[in-house]
Amino acid sequence: QLIPFFANRLADGDILTGAAISTFLFAFLHTNPTSFFKGGDAFLDNAVLLCLQLVNGAAFATLYLVTGNLAVSILAHALYDFYTFYKTHM
């Protein structure tokens, strides 16, 4: 559970700052950082993906903060992945 870890280690216990750090890490790890250096369409595609993943990460972090249960965020992520896979590959 990274939100409490980041809140305690990097933000003096501020849970919202911990959630923000966790959200940025989530978004960064769900993109291809090398695309930012390729320029052109690859840069634009990755920038849009980064924005989408920031929204997703914030939604998952909010679910965790509201429920206090990491399993809710994991389930939401799995359902989102299933929906995305189904819509793009079926």
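Position 1 is the first residue of the sequence, and the numbers go up from there.
Atom CG of L70 sits about 10.5 Å away from atom CG of L63, to the nearest 0.5 Å. Interatomic distance, CD1 of I21 versus CG of L16, reported as 11.0 Å (0.5 Å rounding). The CZ atom of F60 sits 11.0 Å away from atom CD1 of I74, with the distance rounded to the nearest 0.5 Å. Here L75 contributes atom CG and N69 contributes atom CG; the two are 10.0 Å apart, rounded to the nearest 0.5 Å.
Annotation for D12: atom CG does not count as buried by contact number, only 12 or fewer foreign heavy atoms lying within 6.0 Å.
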Taking it one step at a time, do Y64 and V72 satisfy side chain to side chain contact (heavy atoms under 4.5 Å, CB included)?
CA-CA 7 Å; Y64 172 73; V72 175; over 6 Å; no

Test log, rule side chain to side chain contact (heavy atoms under 4.5 Å, CB included), inputs L65 and T62
CA-CA 5 Å; L65 293 175; T62 301; 5.6 Å; no

Does the side chain to side chain contact (heavy atoms under 4.5 Å, CB included) test come out yes or no for Y80 and N56, once each step is laid out?
CA-CA 9 Å; Y80 174 79; N56 288 338; 3.4 Å; yes

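Taking the six-membered ring for Trp, H77 and F26 have ring centres closer than 6.0 Å.
Side chains of L54 and F24 form a contact here, defined as non-hydrogen atoms less than 4.5 Å apart. Between P33 and F28, some side-chain heavy-atom pair lies under the 4.5 Å cut-off.
Residues L49 and H30 come closest through the heavy atom pair CD2-O, 3.7 Å. Closest heavy-atom contact between N32 and N46: O-ND2, 2.8 Å. Contact between A58 and T23 at its shortest, heavy atoms only, is N-CG2, 3.5 Å.
The aromatic rings of Y86 and F82 lie parallel to each other, with less than 30° between the two planes, well short of the 60° mark.
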